[in-house]
Amino acid sequence: MDLLRDLNPQQREAVTTGDGPVLVLAGPGSGKTRVLTQRAAYLIGERGVQPYHVMAVTFTNKAAAEMGDRISELLGRQTHGLTLGTFHATCARILRVEAEYLPVDSNYVIYDQDDQLSVIKQVMKDHNIDDKRYKPRAVHGAISGAKNELFLPEEYPIDSYRDEVVARVYEGYQNMLLTSNAFDFDDLLLWMATLLSDHPRIREKYARRFEHILVDEFQDTNMAQYTLLKLLASHHRNIFVVGDSDQSIYRWRGADYRNVMRFEHDFPEAEVILLEKNYRSKQTILDVAMSVIDRNPHRTPKRLFTDRGSGQKIVVKELYDEREQAGYVVDTIRKQVDTKQAKPADFAVMYRTNAQSRLLEEAFLSANMPYKLVGAQRFYGRREVKDIIAYLRVIWNPEDIVSLARIIGTPPRGIGTKTYAQLRTKAQQLGLSPGELLVKMAPDESPYRDRFSSRAARVLSSFGSLLAGWREIHDQVPPVEVVDQVLEDTDYRTYIEDGTEEGKDRWENVTELRRLASEYHTVGLREFLEDVALVSDQDTLEEGVDAPTLLTLHAAKGLEFPRVFIVGLNEGVLPHRRSFDDPEAMQEERRLFYVGITRTEDRLYLTHALNRYTYGYMEPTEPSRYYRDIPRDLRMEEGGNVYQKTSRRSSRIFKPWDEDDAPEVERKKTEREYDPGEKVKHPKWGKGIILNSKIQDEDEVLDIYFDSVGMKKVIASLANLEAQN
DNA sequence: GCATCGGATTTTTTT
DNA sequence: AATCCGATGC
């Protein structure tokens, strides 16, 4: 059958296995997304399952879209009714349908990080909580963590005075969200799980509907996600999850790779399938990756192997500072492009923190080389973009207090904190939201105007009229026309374009948002607002542009590139200093590095700087501890270290390739005849690749992966192996 | 109400 | 370095 062509035995097993829970443990580059896609296509095409009865969860919207396309392609037809998307998007959709069981209306808005933080700040102000003593971000983190663990405000565990404060803010926070008719990201998961566990009829409805559930990146699910999956799978128990604990990098967001173990516990009948063979990287890359990840405790050792050949050694490069590091990256890319060794799009540059992108961007810019920057926050976080979206949100849902607070004085229209406070007070007295009251103040003869001073009444009602006007058209015309009307009525361009370069830039962002809105002419404001709220960083990656990609290590998950730079391999950056005092976090730093390495197909460059700017001051920095774990024979220092301005201090700094600090990795001195990575032919089992070789009882014992039968242990002297080129 | 200035504070990663 | 916050002056 065509669907199963080009699959190895393990992949085929995963795709075609029968009903019941399945756990696919898949190393990097082992084709797990492919397995997931083919599985979905197989269920629909071969097993006759209706698309309506299948749910597939991916990590990004882009991955979902690609998966959808691929399934259609495999089946040769469209798959209407298939539920396919990220956890958040899928929940958001279902929650709108089931809104009658929820504390919000079906036109609720979704608050992003910024919105959430401003709610926290407001609530803390209302409760007279000192925001120096209790950092809003930290409080928010605690609340978000609680939500991911499915704790409601009244269930928040209290062990200290600090917990009491958090619990109080949590309660106020949740109230403010609900009176704003808003959910935050965590609510989407929390309420979905709550809905399913509190309403047996709804649980049955969806549990019966989703005969098959498929989940990608399972190692990065949190408790809320795990719980709702379990509830959704409670009827058919056909849950197919794919993951790799070594690639779990979202612990700080509540993700818990131990869900893999929970799964085995909760679904003891689960079939476990291992995908080990790597189709992406050269063996050297995999060896480097293993040398790094093997240092993490409490993990099941995994062997990464490929038949793509050993490949070149990785390059390690030391630079004077981050500016020269960026210059090195750009020079190296240009050299290879000029000599036609590679094309621009073959390259990716990865870093730990977003701030590191700036110098890289500048270097690309001054070299006149285009680049692609991955990061939704970069665009949607812009003030001007947020302003316009806030307008749309208030138009869509006048109860949205956060967005109203943002736009009521932007651009300035005579409504400041005082007037806005009056509006809020009066609205509360009337049992209305401030937004609703504004709309009611619009008519000339509106009785609500009398409740304010003449000045306040004038400015408020004039803004109310604008709002009422937009409200009237918002469900009659395509989103882009609403945007245009807002821009016109507020004279937003004059406000933003102040003649400076920056102003021009900002207006361009507004124009870009307008363009994005224009793509929603067949659907409505709801879809636009929802997509805007739930875009992931990876969704902003443009395909088809021949330029290098700049992205964080987190954003790199699931992607692959022929040539990869990982920059900033410095102590404090990678691993990040914020993780130093938490062993679990340190393990995650290592996994993050591992994820970066394993994105590489052919060539890997690791760079670090001797000096770094922190808070505006230049400081010497040590190379990352991870260098010590990479065997020396897998790497080379690129010749001619041009940058020798080493200061007295930095010259004493540990150099990753110094003999004294040579890796402590055990390199067994043996008389082995075969090495891992070599290809051989066995008289009975045919072609295979050597994964491991060790001397045991004076004989060489080989672990070989055969195309025909998979893993076998073989005694070299007895097996009659034939070497293959 | 709003613009501007100075000082403090900051950086992890993102749906 | 860049952003955020509050105080100040108009």
Side-chain angles (χ1 to χ4, degrees), chain A residues 57-64 85-92 110-114 116-118 121 125 131-132 135-137 141 144 147-148 183-190 217 220-222 224-225 248-255 322 350-359 374-378 380-381 383 408-421 455-456 459 495 498 502 530-540 551-557 568 572-580 582 585 588-589 591-593 595-596 612-618:
Chain A
V57 189
T58 58
F59 207 66
T60 66
N61 300 296
K62 183 167 159 271
T86 64
F87 268 107
H88 290 89
T90 305
C91 290
I110 300 166
Y111 278 178
D112 68 18
Q113 184 84 35
D114 272 16
Q116 294 168 31
L117 211 55
S118 64
K121 285 178 185 163
K125 202 176 268 175
D131 66 356
K132 294 272 185 289
K135 295 277 171 220
R137 291 184 70 97
S144 172
K147 285 186 168 189
N148 289 151
F183 276 163
D184 65 16
F185 291 137
D186 303 319
D187 281 329
L188 297 174
L189 309 173
L190 171 75
E217 306 283 9
D220 276 323
T221 51
N222 61 34
Q225 289 164 329
S248 171
I249 54 174
Y250 285 100
R251 196 184 80 102
W252 48 276
R253 210 168 78 183
E322 288 177 294
M350 302 176 186
Y351 35 81
R352 175 68 236 266
T353 68
N354 281 304
Q356 292 171 267
S357 76
R358 222 192 72 229
L359 286 168
V374 178
Q377 182 60 17
R378 272 294 192 286
Y380 290 100
R383 204 169 315 164
I408 198 161
T410 312
R413 52 172 68 87
I415 309 176
T417 38
K418 283 278 163 58
T419 311
Y420 179 53
R455 198 195 105 87
V459 288
Y495 164 69
D498 51 3
E502 201 197 342
E530 191 158 303
D531 285 0
V532 160
L534 299 177
V535 274
S536 75
D537 273 359
Q538 277 191 18
D539 297 334
T540 65
L551 73 181
T552 62
L553 287 163
H554 282 89
K557 176 152 92 158
V573 181
L574 187 65
H576 199 277
R577 61 168 47 77
R578 296 282 279 237
S579 300
F580 281 169
D582 179 351
E588 184 149 304
E589 294 291 320
R591 292 195 292 268
L592 196 52
F593 184 36
V595 166
R612 255 180 68 80
Y613 279 99
T614 37
Y615 301 139
Y617 294 100
M618 176 86 96

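No experiment lies behind these values; they were computed from the predicted model shown. The sequence lines fix the lettering, A, B, ..., with proteins before strands; numbering per chain opens at 1.
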Is [X] touching bases, backbone alone, or none of the nucleic acid, heavy atoms closer than 4.0 Å?
| X | answer |
| --- | --- |
| A:Arg251 | nothing |
| A:Arg591 | nothing |
| A:Thr614 | nothing |

May I ask you to decide if [Y]'s main-chain N or O and [X]'s side chain share a donor-acceptor pair within less than 3.5 Å?
| X | Y | result |
| --- | --- | --- |
| A:Gln356 | A:Tyr351 | no |
| A:Asp184 | A:Asp187 | yes |
| A:Arg455 | A:Gly414 | yes |

Subject >> P-based separation of B:dT13 from C:dC4 [nearest Å] >> reply: 15 Å
Original post:
Given the P atoms of B:dT11 and C:dG6, what is the spacing between them in whole Å?
Top reply: 16 Å
Original post:
Between A:Asp539 and A:Ser536, is any side-chain donor less than 3.5 angstrom from a side-chain acceptor?
Top reply: yes
**OP:** Could you tell me whether the side chains of A:Ser357 and A:Arg378 share a donor-acceptor contact shorter than 3.5 Å?
**Re:** yes
Original post:
Does C:dC5 have OP1 or OP2 sitting under 4.0 Å from an N or O in the side chain of A:Lys121?
Top reply: yes
Original post:
Does the ring centre of A:Tyr250 sit less than 6.0 Å away from the ring centre of A:Phe59?
Top reply: yes
**OP:** Can you tell me the distance, in whole Å, between the CD atom of A:Gln356 and the C1' atom of C:dA1?
**Re:** 15 Å
**OP:** Measure from CD on A:Glu502 to P on C:dA1 and round the result to the nearest Å.
**Re:** 17 Å
Original post:
What one-letter contact string describes nucleotides 8-15 of chain B from 5' to 3', where B marks a base within less than 4.0 Å of any protein heavy atom, S marks contact via sugar-phosphate atoms alone, and - marks no contact?
Top reply: -SBSBBBB
